[in-house]
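Note that the coordinates shown come from a computational prediction; the quantities given were computed from them, not determined experimentally.
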Amino acid sequence: MAKIPNFPQRLMDEHARWHMSHMNRDVRPGDGISFLRFHRSFLRKALRWYKAQGLNLQRVTPWSRIPSAVKAIPGWDSQLQEAEDRIVKRLGSFKSSDELGRFLLTSSLHDSIHVLGSEVYGDPDFGVIHRSPQSTLFYRWHGLIERWWRKYQQLNKSKKTRTQKTKTKKPAL
């Protein structure tokens with residue numbers, strides 16, 4: 001079972017509050033980076049609590065990719081596949097972390113994985129925003145998002161370093 005026993009209500013409430021404050025409105029500039037930063041911080045807090053309980057860390061190990069079982073059910077469509085492909089194959093196409101985060105929200109990839117994963121793994125908590133943090137699947141999915149973001153940040157850092165080196169080269173005399 002994917003449900004985490006005795007998961008703290010304060011953490012459930014914190015997660016629900018963030019999402020409720022961003023629901024029922026258009027995604028705006030800044031929302032993407034807010035989504036990524038909030039979940040990075042939330043993962044740290046929740047996993048710190050999880051470790052302190054002596055629970056099995058393998059149950060919350062991030063996915064390395066979206067599981068094929070999730071992609072094999074009828075709800076997985078070409079639009080979701082295109083969204084995943086952009087992140088996996090063209091991560092450098094995002095102009096900023098904010099754009100990456102907004103893409104996760106507006107492409108429906110984030111929400112769809114919660115819903116489809118809930119079906120595939122028989123875990124109704126994972127598919128409901130205010131209950132999802134008490135599911136081990138939440139940490140697997142958001143851990144994958146975190147991996148993507150870290151990879152994006154590394155790519156971006158490499159681009160900036162190459163650009164700075166090019167700009168600082170002194171002309172030969």
Side-chain angles (χ1 to χ4, degrees), residues 1-19 22 31-73 75-76 80-81 83-92 94 96-157:
M1 190 69 178
K3 189 168 186 169
I4 301 170
N6 304 313
F7 192 80
Q9 188 63 46
R10 67 181 167 73
L11 290 173
M12 299 273 281
D13 293 344
E14 180 182 346
H15 182 260
R17 270 192 308 277
W18 188 91
H19 277 280
H22 291 80
D31 286 347
I33 192 70
S34 176
F35 169 80
L36 293 170
R37 286 178 178 158
F38 170 78
H39 284 87
R40 176 177 280 174
S41 173
F42 185 84
L43 286 175
R44 286 181 182 148
K45 281 187 258 186
L47 290 173
R48 191 176 317 123
W49 172 86
Y50 188 89
K51 289 175 192 175
Q53 304 310 300
L55 298 169
N56 183 352
L57 290 174
Q58 288 185 329
R59 294 183 70 214
V60 292
T61 300
W63 288 327
S64 57
R65 67 181 89 58
I66 296 172
S68 56
V70 172
K71 294 164 57 170
I73 67 171
W76 185 265
L80 292 172
Q81 187 59 55
E84 180 197 22
D85 286 347
R86 180 171 181 204
I87 293 170
V88 173
K89 298 176 183 176
R90 298 182 310 280
L91 189 58
F94 295 98
S96 66
S97 290
D98 184 51
E99 184 182 339
L100 171 61
R102 284 185 286 131
F103 181 77
L104 282 161
L105 295 170
T106 60
S107 68
S108 299
L109 189 59
H110 171 258
D111 293 350
S112 293
I113 296 301
H114 276 278
V115 172
L116 298 174
S118 175
E119 290 177 35
V120 167
Y121 297 106
D123 180 3
D125 290 333
F126 183 52
V128 179
I129 288 172
H130 68 276
R131 293 195 324 247
S132 63
Q134 69 186 0
S135 169
T136 57
L137 296 172
F138 176 90
Y139 303 92
R140 298 183 76 111
W141 171 223
H142 280 275
L144 174 57
I145 292 172
E146 177 66 18
R147 281 183 177 184
W148 288 337
W149 187 26
R150 284 190 191 283
K151 186 175 180 182
Y152 173 79
Q153 289 175 314
Q154 290 167 350
L155 279 171
N156 206 34
K157 188 176 182 180

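- In this pair, H110 and F35 present their aromatic rings perpendicular. The plane angle is above 60°, beyond the 30 to 60° band.
- When side chains are defined from C-beta on, S112 does not count as touching V115, because their heavy atoms never get closer than 4.5 Å.
- By the salt bridge (charged side-chain N to carboxylate O under 4.0 Å, His left out) test, R131 is found to be paired with D125, residues two or more places apart in sequence or in another chain being considered.
- Between L105 and D31 the shortest heavy-atom distance is CD1-O, 4.3 Å.
- For the side chain to side chain contact (heavy atoms under 4.5 Å, CB included) test, residues two or more places apart in sequence or in another chain that qualify with T106 are V27.
- Side-chain atoms of S41 never come within 3.5 Å of backbone atoms of R37 as a donor-acceptor pair (strictly under, hydrogens ignored).
- Judged as a ring-ring contact (aromatic ring centres under 6.0 Å, His included), and not counting sequence neighbours, H130 has no contacts.
- For the atom pair CD (Q154) and NZ (K151), the distance works out to 9.0 Å, reported to the nearest 0.5 Å.
- In this structure, L137 CG and H114 NE2 are separated by 9.5 Å, a value rounded to the nearest 0.5 Å.
- Every residue meeting the side chain to side chain donor-acceptor pair (under 3.5 Å) condition with S34, not counting sequence neighbours, appears here in chain and number order: W18.
- Within the 4.5 Å cutoff, the side chain of I33 has heavy atoms near those of the W149 side chain.
- Identified under the side-chain hydrogen bond (donor to acceptor under 3.5 Å, both in side chains) test for residues 42-58, with sequence neighbours left out: E14-K45.
- Side chains of D123 and S135: a donor on one and an acceptor on the other come within 3.5 Å.
- Among residues two or more places apart in sequence or in another chain, the side chain to side chain contact (heavy atoms under 4.5 Å, CB included) test is passed with S107 by A83, F103, L109.
- Atoms CZ and CG, on R86 and L100 in that order, are 8.5 Å from each other to the nearest 0.5 Å.
- Within 6.0 Å of CZ in R147 there are more than 12 heavy atoms belonging to other residues, nucleotides or ligands.
- The distance from atom CD1 of I113 to atom CG of L144, rounded to the nearest 0.5 Å, is 8.5 Å.
- The closest side-chain heavy-atom distance from L155 to F94 is not below 4.5 Å.
- Evaluation of the salt bridge (charged side-chain N to carboxylate O under 4.0 Å, His left out) rule for R17 yields no partner, not counting sequence neighbours.
- Note on residues 62-72: pairs passing side-chain hydrogen bond (donor to acceptor under 3.5 Å, both in side chains), not counting sequence neighbours, are K71-E84.
- Of the inter-residue distances, the one linking Q81 atom CD with I66 atom CD1 reads 7.5 Å to the nearest 0.5 angstrom.
- Across all their heavy atoms, L55 and P5 have their closest contact at CD2-CG, 4.4 Å.
- Using modelled atom types, one side-chain atom of Y139 and one backbone atom of P133 make a donor-acceptor pair closer than 3.5 Å.
- Listed by chain and residue number, H15, F42, H142 satisfy the ring-ring contact (aromatic ring centres under 6.0 Å, His included) test with F138 (two or more places apart in sequence, or in another chain).
- Distance check: R150 CZ to L36 CG gives 11.5 Å after rounding to the nearest 0.5 Å.
- For D85, the salt bridge (charged side-chain N to carboxylate O under 4.0 Å, His left out) criterion is met by K89, not counting sequence neighbours.
- Between E146 and H39 there is no side-chain heavy-atom pair separated by less than 4.5 Å.
- With a 4.5 Å cut-off on side-chain heavy atoms, I87 and L104 count as touching.
- Listed here is the closest heavy atom pair of A2 and R59: CA-NH2, 3.6 Å.
- Considering only residues two or more places apart in sequence or on other chains, W148 meets the ring-ring contact (aromatic ring centres under 6.0 Å, His included) condition with W141.
- Within the structure, the salt bridge (charged side-chain N to carboxylate O under 4.0 Å, His left out) test picks out no pair touching residues 108-117 (sequence neighbours left out).
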